[in-house]
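Have a look at the structure below, then the notes.
Chain A is the first sequence line, chain B the second, and so forth, proteins listed ahead of strands; every chain is numbered from 1.
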Protein chains: 4
Amino acid sequence: MMAEHIGRRRWAIAEGYIPSYSNGPEPQFTSHETACILNTGDAPARIAITVYFADREPAGPYRVTVPPRRTLHLRFNELEDPEPIPCDTDYASVIESDVPVVVQHTRLDSRQAENALLSTVAYPAG
Amino acid sequence: MMAEHIGRRRWAIAEGYIPSYSNGPEPQFTSHETACILNTGDAPARIAITVYFADREPAGPYRVTVPPRRTLHLRFNELEDPEPIPCDTDYASVIESDVPVVVQHTRLDSRQAENALLSTVAYPAG
Amino acid sequence: MMAEHIGRRRWAIAEGYIPSYSNGPEPQFTSHETACILNTGDAPARIAITVYFADREPAGPYRVTVPPRRTLHLRFNELEDPEPIPCDTDYASVIESDVPVVVQHTRLDSRQAENALLSTVAYPAG
Amino acid sequence: MMAEHIGRRRWAIAEGYIPSYSNGPEPQFTSHETACILNTGDAPARIAITVYFADREPAGPYRVTVPPRRTLHLRFNELEDPEPIPCDTDYASVIESDVPVVVQHTRLDSRQAENALLSTVAYPAG
């Protein structure tokens, strides 16, 4: 089993927007933005997320840990400490880790009756 | 708080198309193309956008500024100076900044009753 | 006006699939796969596309030219020479240019009543 | 005809989620996650896939071969050996090849009446 740390220590996601309402059964169809973080290595990945806005100073750092050889699909709308991210608000994020990880960004938007999806690998920034 | 400029000074988005009609409440469900620009640093980012077409010379530069430690989710259909971008027309864009920024491209298409989404990190070209 | 060639000379798109039917007014809602090619420079870009399949030898080269300072949003379902690309068939493509260009991949799927979209910058392979 | 191997030997996809139900005619509209693998070269590509989860040790390796000058659009929900990937479960994957290949990730989600799509080039990790 491979235990090497794959990826980068810093990633940026310039897009961010949490819709304020949803259609369909929860929690699968709750509108959400996700940062999918993959830690392939043998050490835990200590993550710090900074969130940027259009008209105020950044929020954070939000801290999470991804255990060794695990993936965490982190929903931005579940972040609460130091403050929740407001809905219907443009934001962006920078994700920093003490070991290399891989980050992919996904949104499920269920504001209308049928859900829409987007995804992209985040920008590897360091 | 991190104040380093993350990213690149030049980005390209080869896809561009502003649908001419929409469904759902405005402005959230107005069909639009967005360039999400993140400026993580302490200096303002002065941006110049050039727009390319299939059958005429490029338009621009369109100029916007992203303040320090802010994100701007710029809708192409709101650009007016030097000229608006026509709807239902294939285009592409190059985004240049005097400091490094991160750019991600998103489209919301609400021409049909249910919205569709696409997104990708732009191509880092310099 | 910038006239430098931005991008790469070779790109790969591993995903390809042309749905065989559509919903909605044509041609905007005809299901299609597109390679959006941006040529920012002063020379024409002579493009050769090779198409790969799951169970037969590759097809091509398909040849197109993108004029200087223009973008071409090429629909794979409009390619005819040397042979059309069959519908409902998995394929992939490599796009080669004699000058640097930028390539982004998009699909509009309108097989069901509401359209779906995907997009990603192609893989820069040379 | 080009026979060079294009791409990388290792790729990561941090996002993974197989919806447990679908709408529409099978198999086209069965909800699925796909790793589109392109082997442009003259040697077969021997692929090993490791799948990571949120709360257990990784599964795999899953082994597939992509013949020379062929593409394989591999559906994760068809993997069975050494074990199927459970539905409605967050996962991630690392794809390793003995020759360079190109990998792109796609999901079709047909849980609701209209399908949704996402796609991104995977992260080139080696």
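No other option in A/A92, A/P124, A/A54, A/S93 has as many heavy-atom pairs under 4.5 Å with chain B as A/A54.
Using a 4.5 Å cut-off between heavy atoms, A/Y123 touches chain B through backbone and side chain atoms alike.
The OH atom of A/Y52 sits 6.0 Å away from the CD1 atom of B/I6 when rounded to the nearest 0.5 Å. Expressed to the nearest 0.5 Å, how far NE2 of B/H73 lies from OH of A/Y91 amounts to 9.0 Å. The CD1 atom of A/I13 sits 11.5 Å away from the SG atom of B/C36 when rounded to the nearest 0.5 Å. Within the model, atoms CZ of B/R70 and CG of A/D90 stand 13.5 Å from one another, a figure rounded to the nearest 0.5 Å. Between the CG atom of A/D55 and the CG atom of B/L72 there is a distance of 11.0 Å, given to the nearest 0.5 Å. How far CZ of A/R56 is from CZ of B/R69: 12.5 Å, rounded to the nearest 0.5 Å.
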Q: Take A/V94 and B/L38, measure what side chain to side chain contact (heavy atoms under 4.5 Å, CB included) needs, and give me the verdict at the end.
A: CA-CA 9 Å; A/V94 170; B/L38 170 59; 4.0 Å; yes

